[in-house]
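Written out below as structure tokens is the structure these notes cover.
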Amino acid sequence: MSSTNRVRKAVFPVAGLGTRFLPATKAVPKEMLTILDKPVIQYAVDEARAAGIEHFIFVTGRNKGVIEDHFDLQYELQDTLEKRNKKEALEVLAKYQPTAGTTSFTRQQAPLGLGHAVWCARDLVGNEPFALLLPDMVMKDDKGCLSGMVELFQETAGNIIATEEVAWEDTHKYGVVERGKNLDMGFEITGMVEKPEPGTAPSNLFINGRYILQPEIFSLLEKQGPGAGNEIQLTDSMLTLAKSQPFFGYQFTGNTYDCGSREGFIKANMAFAMDDPELAKEIANELSRLIEK
Ligand code: UTP
């Protein structure tokens, strides 16, 4: 296990097929669908930057080139906006422009599962702990989920998994953790179950798509055979890693929207719109009008 407690790098697996969003995702990656005026992927990158992440690693796949373009400098657009003196638009571009050399892209050649996508980042991460953010899971809170996890990691080291409360009757839809001893900030994780049978979940805390992992996960993923859904599952390798390294839970108390599903995506758009002073009133009025109809 690495002795550093700095988390400098974050991995964003964006190679999934996004079948739940077809036909939109035939040509447009689901991570580029927008919540208001920002693509879904931007929310996870902003959360990582706010948590002190310095290097952003994207595991992409076929048809995902536009994600790389999104984080590049758009020279022609920039030039045209400068010539037209469009200051506000230029400020928006500058705000989201990563510093040169702080992004890396590698391709998962076939969508063999989340575990395999993470393994594809092994050389770019190297021998240090790293953050893993599933960009579909868009978090809304004043304090970013990853920022809280980094604070916990500075106390505990080991591996951290973010969790969140869900209704007990919904636990069978998620990966759920078993909660051990409480710590000052988080708690020890003593087990993890992927989609437990109804009534058997060890807690109502589901794994919400944010992790801080030690680099030893990579050698386990390398040997990991296919699991549920015939995909290489991250959870299977985390369970093996948990036999030799501690895992801690961070309890996120904000809201998470699963933007890989239509329902979550629409809810996220509504939630962010209600926070936007220019949109809130109009959207609320329109919703009440539709409900009354
Ligand atoms: P999901 O299962 O939510 O993504 O994977 P999916 O397969 O794209 O979605 P559907 O079910 O077909 O609609 C969770 C995360 O893991 C990534 C996805 O991009 C998403 O961020 N992933 C999944 C990969 O990068 N590679 C894979 O082989 C599978």
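All ligand and atom numbering here is 1-based and tracks the order in the structure. Every value quoted in this text rests on a predicted model; they were computed, and no experiment measured them.
With hydrogens and angles left out, the side-chain atoms of Gln42 and His70 include a donor and acceptor closer than 3.5 Å. Counting only N and O atoms by type, the side chains of Glu216 and Gln245 include a donor and acceptor under 3.5 Å apart. No hydrogens or angles considered: nothing links the side chains of His172 and Glu197 as a donor-acceptor pair under 3.5 Å.
Within the cation-pi definition used here (under 6.0 Å to the ring centroid, within 45° of the axis), Arg179 qualifies as a partner of Phe187. Lys38 forms a cation-pi arrangement with Tyr43, by the criterion of a distance under 6.0 Å to the ring centre and an angle within 45° of the ring axis.
Each of Pro13, Val14, Ala15, Gly16, Leu17, Gly18, Thr19, Arg20, Lys30, Glu31, Gln108, Pro111, Leu112, Gly113, Leu114, Ala117, Pro135, Asp136 has a non-hydrogen atom positioned under 4.0 Å from some atom of ligand 1.
Phe153 has its ring centre no less than 6.0 Å from the ring centre of Tyr250.
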